[in-house]
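First listed ligand is number 1; within each ligand, the first listed atom is number 1. What you are looking at is a predicted structure, and each value in this text was computed from that prediction instead of being measured. Because only heavy atoms are used, hydrogens play no part in the values below, and waters and symmetry mates are left out as well, while side chains stay in.
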Amino acid sequence: MAHGNHSTIHNPQLAIELREIPKIELHVHLEGSLTESQLRYLAKKYRTPLWESQTDAVAELYNFQTFPDFLNAYKVCCQHLRTPEDYVQLTGSLLQQLADQHCVYAEILFTPSICSRFGLPAEEVIEAVLQRSIEASRSGPHIRWVFDTVRQWGPDLCWQTLEWAIRYQEKGVAGICIGGDEASEPARRFREVFESAEKAGLHRVAHAGEICDARSVWLAIEELRAERIAHGIRALQDPLLVDYLVGHRLPLDVCITSNFKTGVVERDQPHPIENMARSGIPFTLNSDDPGLFQTSLLQEWERAAEILHWLPEQFVTLTRQTLQYAFLTSEERRQFQNLIR
Ligand code: ADE
Ligand code: ZN
């Protein structure tokens with residue numbers, strides 16, 4: 001069964017075929033790509049309490065079972081990124097992982113307000129990571145950035161994030177997103193920021209329906225005019241919302257491993273993607289935080305293949321559809337179309 005934390009694909013031939021198919025990832029957080037061993041390295045470099053601990057504090061941190069504990073682990077990871085160079089190295093290794101999986105295009109979420117909150121020169125970090133991805137795109141995947149903001153930190157930092165997104169739009173920033181604790185601040189407090197983002201030609205994503213119910217997805221659509229919903233696993237509770245998502249071709253960024261590991265889907269329950277697919281809700285497959293969840297886009301494909309009984313050609317179709325939801329111009333889309341079998 002495809003429940004629980006770990007899945008190994010039972011059909012090795014299928015695994016090989018999936019690995020070779022060109023991929024697109026639309027929802028991967030830079031900070032959440034930090035692996036246990038990368039965190040150990042940083043903990044040692046900065047002699048932090050994690051390094052000084054007598055127990056394997058890093059393994060314990062990554063063994064979260066609940067959403068609040070996940071958010072705490074995320075925060076601790078971010079507290080270990082202390083220089084622009086740390087961010088650049090992390091960007092480089094994420095880009096390499098994407099390339100290794102035959103990813104031709106990815107939208108990476110990055111939260112610059114974390115830098116300013118933790119005393120780093122945010123603009124220096126932004127410029128360094130954008131430059132790193134521009135260099136990589138000559139030989140690796142093409143990258144667009146989505147600047148994420150932390151809901152519980154309120155609208156002021158969201159305004160600041162928008163300012164950065166506008167300033168660096170020409171350097172590969174395609175949109176803004178809201179994440180963090182979905183239950184903390186109502187969507188309406190961010191309405192004006194998202195409205196201004198739209199006016200500036202930036203795209204909009206919202207984490208919604210992950211820990212809160214279908215109403216939160218409606219608010220992301222109505223208040224924030226979100227073009228994609230991250231997770232949205234509670235959307236199925238509301239038949240009118242399902243109709244809306246299907247009718248408007250508004251996709252969910254589905255992240256299966258993420259949902260089990262943060263406990264928002266019970267480990268012994270089936271993942272709602274089965275019912276989403278049956279209802280015709282548009283969706284894409286994503287790793288969310290591959291370091292924290294010890295996953296990859298390829299592993300997400302393998303899990304989906306098991307749950308949905310998909311064959312390789314269905315993943316080619318998925319990739320074509322994913323391209324339609326990417327924050328690209330139609331000309332750029334045509335170019336990527338040629339790279340997808
Ligand atoms: N930031 C990174 N991953 C997240 C998730 N799964 N939910 C909310 N915010 C996040
Ligand atoms: Zn996310």
Side-chain angles (χ1 to χ4, degrees), residues 5 25-35 39 61-62 64-81 87 90 94 106-115 117-118 144-154 157-158 161 174-187 190 203-213 216-217 219-220 224 226-235 251-265 271-273 283-297 300 322 325 327:
N5 265 346
E25 164 129 51
L26 298 183
H27 196 103
V28 54
H29 294 261
L30 173 64
E31 300 87 342
S33 74
L34 192 77
T35 62
L39 180 58
L61 188 77
Y62 274 59
F64 46 82
Q65 307 283 327
T66 65
F67 194 78
D69 285 351
F70 156 69
L71 285 185
N72 178 58
Y74 201 88
K75 185 179 81 183
V76 174
C77 285
C78 295
Q79 285 167 337
H80 282 73
L81 295 165
Y87 274 92
L90 185 59
L94 175 57
E107 287 174 13
I108 305 179
L109 295 132
F110 165 51
T111 313
S113 59
I114 290 176
C115 300
R117 281 278 286 212
F118 294 166
R144 284 284 150 82
W145 293 85
V146 175
F147 281 1
D148 198 19
T149 187
V150 180
R151 194 186 278 250
Q152 61 270 30
W153 290 349
L157 280 175
C158 191
T161 302
I176 62 165
C177 178
I178 185 164
D181 181 0
E182 189 186 343
S184 61
E185 293 271 353
F190 303 88
H203 293 281
R204 298 154 314 279
V205 186
H207 289 76
E210 182 185 21
I211 55 171
C212 297
D213 61 15
S216 170
V217 178
L219 293 173
L224 308 179
E227 297 160 89
R228 292 201 312 254
I229 301 292
H231 304 289
I233 50 174
R234 320 255 174 234
L252 308 180
D253 299 350
V254 170
C255 313
I256 299 172
T257 303
S258 164
N259 297 154
F260 284 118
K261 291 227 170 170
T262 61
V264 298
V265 174
H271 191 276
I273 193 172
F283 66 85
T284 65
L285 291 172
N286 306 276
S287 64
D288 201 13
D289 300 296
L292 275 156
F293 301 136
Q294 289 148 289
T295 190
S296 64
L297 180 56
E300 297 306 303
T322 303
Y325 307 127
F327 297 150

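The part of His231 lying near ligand 1 is the side chain, judged by heavy-atom distances below 4.0 Å.
A donor-acceptor pair under 3.5 Å is formed between the side chain of Glu182 and the backbone N or O of Glu210. Under the 3.5 Å distance criterion, the side-chain polar atoms of Asp181 are left unmatched by any main-chain donor or acceptor of Gln152. Judged by distance alone, the side chain of Glu300 and the main-chain N or O of Thr257 form a donor-acceptor pair under 3.5 Å. No donor-acceptor distance shorter than 3.5 angstrom exists from the side chain of Glu185 to the backbone of Trp153, with no hydrogens or angles considered. Within the 3.5 Å criterion, the main-chain N or O of Glu31 finds no donor-acceptor partner in the side chain of His29.
Nearest protein neighbour of atom 9 (N) of ligand 1, counting heavy atoms only, is Gly180 N, 2.9 Å. Looking only at heavy atoms of the protein, atom 10 (C) of ligand 1 is closest to His207 NE2, 3.8 Å. Atom 1 (N) of ligand 1 has its closest protein heavy atom at His29 CE1, 3.4 Å.
Residue Gly32 places every heavy atom at 4.0 Å or more from ligand 1.
For ligand 1, one of its N or O atoms has an N or O atom of Glu210 under 3.5 Å away. Where the criterion is an N or O separation shorter than 3.5 Å, residue side chain and backbone included, Phe67 fails it with respect to ligand 1.
Note on His231: not counted as a metal contact of the Zn ion (ligand 2), no N/O/S atom lying under 2.8 Å.
Put simply, CZ on Phe147 and CD1 on Ile176 are 11.0 Å apart, with the number rounded to the nearest 0.5 Å.
Between His29 atom NE2 and Asp288 atom OD1, the angle centred on the Zn ion (ligand 2) amounts to 90° (nearest 10°).
Among the heteroatoms counted here (N, O or S) of His207, NE2 is the one nearest to the Zn ion (ligand 2).
The contact set between ligand 1 and Tyr74, taken as ligand atoms under 4.0 Å from a residue heavy atom, comprises 2 (C). If you number the atoms of ligand 1 from 1 as listed, the ones under 4.0 Å from a heavy atom of Asp289 come out as 2 (C), 3 (N), 4 (C). Near Asp288, meaning under 4.0 Å from one of its heavy atoms, ligand 1 places the atoms 3 (N), 5 (C), 6 (N).
Side-chain atoms of His27 and Asp253 include a donor-acceptor pair closer than 3.5 Å.
In this pair, His231 and His207 present their aromatic rings tilted. The plane angle is within the 30 to 60° band.
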With salt bridge (charged side-chain N to carboxylate O under 4.0 Å, His left out) as the test, would you mind laying out the steps for Glu107 and Arg228 before giving the verdict? CA-CA 12 Å; Glu107 287 174 13; Arg228 292 201 312 254; 2.9 Å; yes
